[in-house]
Structures are given as C-alpha cells and as structure tokens.
K.L.:
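My questions will all concern the structure given below.
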Amino acid sequence: MTQLSSDKSTAAETGSVPRQQEANDPCSPVHIDLRTEEDLLAVRHAVRAATVTVGFGIVDQTRVITAASELARNAYIHGGGGALLIEYPQRLGRVGLRLTISDNGPGIPDVEDALTDGFTTGGGLGHGLGGARRLMDEFELDTAEGKGTTVSVTRWIRS
C-alpha cells in the first residue's frame, strides 16, 4: 500500500466529523456516486456550490472545481467508478473544503510516475493527480494494487 501526504499548512487540524447531508445545513457532507458521465457533471456542479457556500473567490472556485473534475474523471475512467465526499473542515477558525474521491479500481502501481506531469495511462494530458496536488493546499493519496485508490484534497479560505 502506498500512502502519500502533502500538507501545505502547519496548524494542527481539528477536522470535521462526517454526517449525513441535512436539508437545513448547507455545510453538511455531500456524497456523490461516480458511475456515469452525468455523475461527472454533477460533481462539478456540487463542488461549485460548495465553493460558493464556503466563500471562495472566483479564482479559488476554479482551482477547486478543476481539481475535483480531474480526480473524479480519474476515478471514473481508471477506477471503474467511485464516490466523492464533500466536507467542510475547520481549523483554528478557518473554513475549508475537503474532497475525498475513492474507487475500487486496480490501484496505482507507481505513484511517483502518476504524479509526474505528462504521465498518462489513457488518452489524457497527464495533468490529473499532479495538477490536483498543485491546485489544493493539502493532498493525500492512499492506493494499493488491486485494492483501489482514495485521494483527499483540501483547500482553505485565505485570510
């Protein structure tokens, strides 16, 4: 099993506790299955709504939506589908947006290669994982051959 973690923050995280989505709580976690092309569109819409809820400016909205789109597409294409969990962590009074995308695909045999720009096992440009890592403040990847992949990324509101 390969685990990779990249945290650009230095503060200790208090984190958020996953809960079921509640109709009256715009910051409750959201779960989206990734089974069809339409689900990829739903991911972009849900993540955009979440960035607005958190209060990101247009540039950070674009960064987060782009990262989400790349990661969701990877799970759909390479992992045979998967799921996205959107959460709203808080750390020392700051609010962020955490996206966790998981699949039960074949896993990533060489994480360092997969994070290299231009590396692709399909017809894409090869910016997915590395691009998502650069666009977000925190990046964690957990993968094992034959067991799937989970990627968690977080972006924090700038003070």
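Keep in mind that the numbers below use all heavy atoms, side chains included, and drop hydrogens, waters and symmetry copies.
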K.L.:
Please report the C-alpha distance between Thr51 and Leu97 in whole Å, then the side-chain angles of each, then the deciding distance to 0.1 Å, and finally whether the side-chain contact (heavy atoms from CB on, under 4.5 Å) criterion is met.
P.N.:
CA-CA 7 Å; Thr51 62; Leu97 190 61; 3.7 Å; yes
K.L.:
Answer yes or no: is there a side-chain heavy-atom contact under 4.5 Å between Leu129 and Val151?
P.N.:
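Side chain of Leu129 against side chain of Val151, heavy atoms only: contact under 4.5 Å found.
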K.L.:
With no hydrogens and no angle check, is any side-chain donor or acceptor of Arg155 less than 3.5 Å from a backbone partner on Leu135?
P.N.:
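Looks like yes, one N/O pair under 3.5 Å.
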K.L.:
Could you pull out all residues at least two apart from Asn104 that satisfy side chain to side chain contact (heavy atoms under 4.5 Å, CB included)?
P.N.:
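Scan of Asn104 (side chain to side chain contact (heavy atoms under 4.5 Å, CB included), adjacent residues dropped) gives none.
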K.L.:
Do Leu41 and Val30 share a hydrophobic cluster, counting only Ile, Leu, Val, Met, Phe, Trp and Tyr and linking them when any side-chain heavy atoms are less than 4.5 Å apart?
P.N.:
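No; tracing contacts between hydrophobic side chains, which count when under 4.5 Å, never links both residues.
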K.L.:
Check whether any side-chain heavy atom of Val43 lies under 4.5 Å from a side-chain heavy atom of Ser69, and answer yes or no.
P.N.:
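No, their side chains stay 4.5 Å or more apart.
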K.L.:
Going by the salt bridge (charged side-chain N to carboxylate O under 4.0 Å, His left out) test, which pairs reach into residues 37-56, not counting sequence neighbours?
P.N.:
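Sorted pair list: Glu37-Arg73.
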K.L.:
Does Ile101 reach the side chain of Leu34, with side-chain heavy atoms less than 4.5 Å apart?
P.N.:
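Contact flag for Ile101/Leu34 side chains = yes.
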K.L.:
Search all heavy atoms of Gly81 against all heavy atoms of Asp103 and return the closest pair with its distance.
P.N.:
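Result for this residue pair: O-CB, 3.1 Å.
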K.L.:
Compare all side-chain heavy atoms of Met136 with those of Thr154 and state whether any distance is below 4.5 angstrom.
P.N.:
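The answer is no, as the side chains (C-beta and beyond) never meet within the 4.5 Å cut-off.
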K.L.:
Show, in sequence, the C-alpha distance, side-chain angles and deciding distance for Asp60 and Arg158, and conclude whether the side-chain contact (heavy atoms from CB on, under 4.5 Å) test is met.
P.N.:
CA-CA 9 Å; Asp60 280 337; Arg158 305 290 182 249; 4.0 Å; yes
K.L.:
CD of Glu87 to OG of Ser28: how many Å apart, nearest 0.5 Å?
P.N.:
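The CD atom of Glu87 sits 11.0 Å away from the OG atom of Ser28.
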K.L.:
What I'd like to find out is whether the side chain of Leu84 reaches to under 4.5 Å of the side chain of Leu99, using heavy atoms alone.
P.N.:
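Answer yes - side chains close enough.
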K.L.:
For Thr143 versus Gly107, what's the shortest heavy-atom pair and its separation?
P.N.:
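Closest heavy-atom pair between Thr143 and Gly107: OG1-CA, 3.3 Å.
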K.L.:
Can you tell whether the side chains of Arg94 and Asp137 come within less than 4.0 Å, N to carboxylate O?
P.N.:
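Between Asp137 and Arg94 there is no salt bridge, as every charged N stays at least 4.0 Å from the carboxylate O atoms.
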K.L.:
Quick check: do Val64 and Val54 have side-chain heavy atoms less than 4.5 Å from each other?
P.N.:
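Side chain of Val64 against side chain of Val54, heavy atoms only: no contact under 4.5 Å found.
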K.L.:
Can you list everything that forms a side-chain hydrogen bond (donor to acceptor under 3.5 Å, both in side chains) with Ser152? Sequence neighbours excluded, please.
P.N.:
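Ser152 satisfies side-chain hydrogen bond (donor to acceptor under 3.5 Å, both in side chains) with Thr100 only.
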K.L.:
As a quick check of understanding, evaluate side-chain contact (heavy atoms from CB on, under 4.5 Å) for Leu85 and Ile32, giving each step before the final call.
P.N.:
CA-CA 7 Å; Leu85 178 64; Ile32 300 173; over 6 Å; no
K.L.:
Determine whether Val47 and Ile86 make a side-chain contact, defined as any pair of heavy atoms from C-beta on separated by less than 4.5 Å.
P.N.:
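Yes, at least one pair of side-chain atoms sits under 4.5 Å.
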K.L.:
Would you call Glu138-Arg133 a salt bridge at under 4.0 Å N-O?
P.N.:
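The answer is no: the pair does not qualify as a salt bridge.
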K.L.:
Identify whether Ile157 and Tyr88 are in the same connected component of the hydrophobic contact network (ILVMFWY, side-chain heavy atoms under 4.5 Å).
P.N.:
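The answer is yes; both residues are in one hydrophobic cluster.
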